[in-house]
**Q** 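Sharing a structure below in structure tokens format, with a few things to ask.
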Amino acid sequence: MSGPRIKAPRGTFDVLGEQAESRSALEVRARAILQGAGYERIETPAFEATELFARGVGEATDIVRKEMFTFEDAGGRSLTLRPEGTAPVCRAYLEHGMHKRRQPVKLWYLSSFFRHERAQAGRYRQFWQLGAEAIGSDDPAVDAETIVLLSSLLAEVGVRDVRLRLCSLGSPQTRGEYRERLQAHLRSHESSLAPEVRGRIEANPLRAFDSEHEGTRRVMRSAPRLLEHLDAGDRAHFEAVRELLDDAGIAYEIDSTLVRGLDYYTRTVFEFTSDALGAQSGVGGGGRYDGLIELLGGSPTPGVGWAAGIERMLLASGSSGGTLDSERSRDSGTGSAAAPVELFLARAEPRSAADRRTAFALLCAARSAGLRAQMELGGRSLKGQLSHADALGARYVAIVSERQASLRDMQEGRQEEIASDAVVHAVLRGLRTL
RNA sequence: GUGGGCGUAGCUCAGCUGGUAGAGCUCCUGGUUGUGGUCCAGGCGGUCGGGGGUUCGAAUCCCCUCGCUCACCCCA
């Protein structure tokens with residue numbers, strides 16, 4: 001009397017055997033990288049008030065308009081299975097008063113998300129994402145740090161043929177002005193545009209850059225570019241991010257048509273793609289969202305983060321079945337709590353771009369050398385930086401200026417002046433002789 | 001869903017019989033004209049869960065509502 005056999009719903013899957021092992025291995029590596037950089041794990045509920053996404057992600061986005069699994073509970077409240085992670089994390093930041101913690105607050109998650117889309121290779125209705133968010137600082141070094149972390153993770157996981165595209169969307173103000181300019185351009189060529197693009201001129205004109213439609217593409221070639229209309233502050237911020245990435249040896253291409261499908265992005269946006277994937281080539285991406293916390297009812301608070309698809313990373317990492325060798329995994333050691341920092345990079349002049357650049361270069365070098373390192377990202381005074389470093393349990397603090405550094409042993413209270421580029425070596429030597 | 005308890009700053013709480021909000025911790029700044037852990041000073045931070053009522057006046061009294069929590073029911 002039983003009916004047809006029940007299968008997993010369209011767009012969902014079971015994780016079995018060696019795939020489960022691959023996922024565990026990926027998680028171990030992600031945790032080592034993110035917790036080593038000072039990120040703390042967060043998990044938020046699988047569903048939230050629908051309004052969180054309507055407001056946070058944006059009414060005009062495809063996600064909110066047609067991809068959410070929304071339902072009512074018995075009390076008539078509208079709830080939605082989370083389609084993305086940033087809005088929930090920001091909601092949690094507000095709900096738990098994290099603005100009172102030392103900024104920026106760095107959080108990471110590995111959770112499943114839900115979008116009601118047509119399933120295809122690398123695209124599912126329930127999918128898993130690894131995400132990282134740094135909330136509470138607008139320092140360009142935070143943008144660069146998050147990008148470098150994702151880059152390291154993709155390399156560590158063995159994702160092949162990775163490319164990074166980078167752009168800046170500017171602040172809400174300049175973006176709004178640009179948006180009007182673009183809308184005017186689209187309207188003046190309306191007859192050549194694809195119908196769906198025409199229908200989005202008011203709601204989401206930026207998406208026109210994504211169109212494959214021939215007429216639309218022609219129109220877009222002559223369209224004004226956002227990058228050319230940034231204001232001085234946004235331009236300086238973007239240049240600083242680029243400079244730090246250059247110093248870190250991260251290759252990227254500037255793509256002024258890079259558009260992410262969420263409304264909250266400001267300034268830096270980026271996407272990593274893998275040519276090893278099919279139509280869904282994005283493996284991870286993110287950007288800055290300086291207006292989101294305020295939109296959700298908080299005071300103005302900057303933030304930046306990214307998310308990367310677990311299934312896509314595994315697909316692009318080689319082994320046909322999406323398997324990741326678990327033997328290579330190295331754990332950073334002690335479970336969930338943040339391990340003490342070995343080297344903290346303070347800035348002699350907190351507002352100096354040159355000091356920031358030196359500190360960031362040392363941060364990358366220290367991490368490459370296997371040190372747990374962090375740098376000042378919160379705009380604190382020097383006293384505040386030392387205090388922050390102490391709270392992180394830092395063993396050494398290097399107070400860097402452009403070429404010189406004061407390397408301080410926080411346990412002994414001793415301090416010596418050395419060349420900036422000798423810092424990492426000195427710390428390695430110091431730790432070895434303990 | 002039913003019954004009890006509780007909702008004051010991010011956290012822990014004070015605020016008596018109504019006179020229109022305070023402490024400690026945290027975070028930031030300063031004392032130390034560039035240097036942490038102790039100390040001192042200052043600052044940020046509150047629609048007193050929300051709405052209505054009584055009153056000259058409500059965090060305080062009354063009603064409603066929302067949320068949390070414990071118990072019951074049931075369950076991973």
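Every heavy atom of this structure was used, including side-chain atoms; hydrogens, water molecules and symmetry mates were not. Letters A, B, ... mirror the listed sequences (proteins, then strands); counts begin at 1. Treat the numbers as computed from the prediction; the structure is a model and nothing was measured.
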**Q** If I pick the C1' atom on rG43(B) and the same atom on rG52(B), what distance separates them, to the nearest angstrom?
**A**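 It works out to 37 Å between them.
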
**Q** Would you mind reading off the distance between Ile135(A) atom CD1 and rC27(B) atom C1', rounded to a whole angstrom?
**A**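 The answer, rounded to whole Å, is 16 Å.
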
**Q** For Gly378(A), which contact category applies under a 4.0 Å heavy-atom criterion: base, sugar-phosphate, or nothing?
**A**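 Counting heavy atoms under 4.0 Å across all strands, no contact is made by Gly378(A).
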
**Q** Crowded around Gln404(A) CD? As in, over 12 foreign heavy atoms under 6.0 Å?
**A**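 For Gln404(A), atom CD is crowded (more than 12 foreign heavy atoms under 6.0 Å).
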
**Q** Write down the atom of Leu262(A), the atom of Val57(A), and the distance for their closest heavy-atom approach.
**A**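 The pair with the smallest heavy-atom distance is CD2-CG1, 3.9 Å.
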
**Q** When rounded to the nearest Å, what value does the distance between P atoms of rA59(B) and rG3(B) take?
**A**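 Nearest-Å result for rA59(B) against rG3(B) at atom P: 30 Å.
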
**Q** I need the full list of ring pair (Phe, Tyr, Trp, His ring centres under 6.0 Å) pairs touching residues 49-72 of chain A, with sequence neighbours left out, sorted by first then second residue.
**A**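 Applying ring pair (Phe, Tyr, Trp, His ring centres under 6.0 Å) to every pair that reaches into residues 49-72 of chain A, excluding sequence neighbours, yields Phe47(A)-Phe71(A), Phe69(A)-His116(A).
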
**Q** Checking Glu117(A) now: which residues fulfil side-chain contact (heavy atoms from CB on, under 4.5 Å) with it, not counting sequence neighbours?
**A**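 Scan of Glu117(A) (side-chain contact (heavy atoms from CB on, under 4.5 Å), adjacent residues dropped) gives Glu67(A), Arg115(A), Arg123(A).
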
**Q** In Watson-Crick or G-U wobble terms, both distances under 3.5 Å, what is the partner of rG67(B)?
**A**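 Because both required distances fall under 3.5 Å, rG67(B) counts as paired with rC6(B).
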
**Q** Would you mind reading off the distance between Glu376(A) atom CD and rU35(B) atom P, rounded to a whole angstrom?
**A**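 Distance, rounded to whole Å: 15 Å.
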
**Q** Measure from CZ on Arg101(A) to P on rC28(B) and round the result to the nearest Å.
**A**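 That distance rounds to 12 Å.
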
**Q** Got a sec, which residues hit side-chain contact (heavy atoms from CB on, under 4.5 Å) with Val162(A), two or more places apart in sequence or on another chain?
**A**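 Checked Val162(A) against side-chain contact (heavy atoms from CB on, under 4.5 Å); matches are Leu154(A), Val159(A), Phe272(A).
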
**Q** Starting at atom CG of Leu386(A), determine the distance to atom P of rU29(B), rounded to an integer number of angstrom.
**A**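 Those two atoms, CG and P, are 12 Å apart.
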
**Q** Might you list the N or O atoms of the protein lying below 3.5 Å from N or O atoms in nucleotides 6-14 of chain B, with each pair's distance?
**A**
| residue | atom | partner | partner atom | Å |
| --- | --- | --- | --- | --- |
| rG10(B) | O2' | His96(A) | O | 3.3 |

**Q** Rounded off to whole Å, could you give me the CZ-to-P distance for the Arg347(A) and rU35(B) pair?
**A**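 One finds 18 Å between P of rU35(B) and CZ of Arg347(A), rounded.
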
**Q** Taking a pair as Watson-Crick or G-U wobble with both distances under 3.5 Å, which nucleotide is matched to rG57(B)?
**A**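 Base-paired to nothing in any strand shown.
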
**Q** Under 4.0 Å, counting only non-hydrogen atoms across every strand here, what does Ala348(A) touch: a base, just sugar-phosphate, or nothing?
**A**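 Since a base atom lies under 4.0 Å of Ala348(A), the category is base.
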
**Q** For a quick test of reading the model: is some side-chain N or O of Ser387(A) closer than 4.0 Å to OP1 or OP2 of rU35(B)?
**A**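 It does not, given that no N or O in the side chain of Ser387(A) lies less than 4.0 Å from OP1 or OP2 of rU35(B).
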
**Q** Glu145(A) and Arg367(A): side chain to side chain contact (heavy atoms under 4.5 Å, CB included), yes or no, with the steps?
**A** CA-CA 11 Å; Glu145(A) 184 192 33; Arg367(A) 286 181 180 166; 2.6 Å; yes

**Q** What's the gap between rG53(B) and rG45(B) when it is taken at their C1' atoms, as a whole Å value?
**A**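 One C1' to the other, the span is 32 Å.
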
**Q** For residues Tyr109(A) and Ile42(A), report the shortest heavy-atom separation together with the two atoms involved.
**A**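 Result for this residue pair: CB-O, 3.2 Å.
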
**Q** For Ser112(A), which residues count as a side chain to side chain donor-acceptor pair (under 3.5 Å) partner, sequence neighbours excluded?
**A**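 Here the qualifying residues are Gln126(A).
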
**Q** Would you classify Arg77(A) as touching base, sugar-phosphate or nothing, given that sugar-phosphate means primed atoms plus P, OP1 and OP2, and contacts are heavy atoms under 4.0 Å?
**A**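 Sugar-phosphate, no base atom in range.
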
**Q** Using salt bridge (charged side-chain N to carboxylate O under 4.0 Å, His left out), reason through Glu271(A) and Arg165(A) one step at a time and then give a plain yes or no.
**A** CA-CA 5 Å; Glu271(A) 182 165 71; Arg165(A) 291 183 300 146; 2.6 Å; yes

**Q** Between His229(A) and Arg225(A), which heavy-atom pair has the shortest distance, and what is it?
**A**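 Between these two residues, the closest heavy atoms are CD2-O, 3.0 Å.
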
**Q** Between Asp390(A) (CG) and rU26(B) (P), how many Å, whole number?
**A**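 Distance check: Asp390(A) CG to rU26(B) P gives 13 Å.
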
**Q** Using the 3.5 Å cut-off, write out each protein N or O paired with an N or O of nucleotides 39-42 of chain B and the distance between them.
**A**
none

**Q** Could you tell me how far apart Gln411(A) (CD) and rG36(B) (P) are, to the nearest whole angstrom?
**A**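 My rounded result for the distance is 17 Å.
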
**Q** Would you classify Arg408(A) as touching base, sugar-phosphate or nothing, given that sugar-phosphate means primed atoms plus P, OP1 and OP2, and contacts are heavy atoms under 4.0 Å?
**A**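 Base: the residue Arg408(A), judged by heavy atoms under 4.0 Å, touches a nucleobase.
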
**Q** Across all strands, who's sitting opposite rG43(B) as a Watson-Crick or G-U wobble pair, both distances under 3.5 Å?
**A**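 Matched rG43(B) with rC27(B) under the 3.5 Å cut-off.
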
**Q** In whole Å, what separates the C1' atom of rU26(B) from that of rU65(B)?
**A**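 To the nearest whole Å, 33 Å.
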
**Q** So which nucleotide does rC16(B) pair with, by the Watson-Crick or G-U wobble rule with both distances under 3.5 Å?
**A**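 Here rC16(B) is not engaged in any pair, so there is no nucleotide opposite it.
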
**Q** Within the 4.0 Å heavy-atom criterion, would you say Gln415(A) contacts the bases, only the backbone, or no part of the nucleic acid?
**A**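 Base: the residue Gln415(A), judged by heavy atoms under 4.0 Å, touches a nucleobase.
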
**Q** Provide the distance between the two P atoms, one in rU38(B) and one in rG67(B), to the nearest whole Å.
**A**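 Looking at atom P only, rU38(B) and rG67(B) are 42 Å apart.
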
**Q** Determine the Euclidean distance between corresponding P atoms of rA23(B) and rG31(B); express it in Å to zero decimal places.
**A**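 Looking at atom P only, rG31(B) and rA23(B) are 24 Å apart.
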
**Q** Compute the ring centroids of Phe270(A) and Tyr252(A), then answer whether they are less than 6.0 Å apart.
**A**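 No, the ring of Phe270(A) stays outside the 6.0 Å limit from the ring of Tyr252(A), centre to centre.
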
**Q** rA21(B) and rC68(B): how far apart are their P atoms, nearest whole angstrom?
**A**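 Comparing P positions in rA21(B) and rC68(B) gives a spacing of 30 Å.
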
**Q** Now, which nucleotide makes the Watson-Crick or G-U wobble pair with rA76(B), with each of the two distances under 3.5 Å?
**A**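 WC or wobble partner does not exist here.
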
**Q** When the C1' atoms of rA76(B) and rU2(B) are compared, how many Å lie between them, rounded to an integer?
**A**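 rU2(B) and rA76(B) have their C1' atoms separated by 23 Å.
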
**Q** Give the rounded distance in Å between these two atoms: CZ of Arg102(A) and C1' of rC27(B).
**A**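 From Arg102(A) CZ to rC27(B) C1': 9 Å.
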
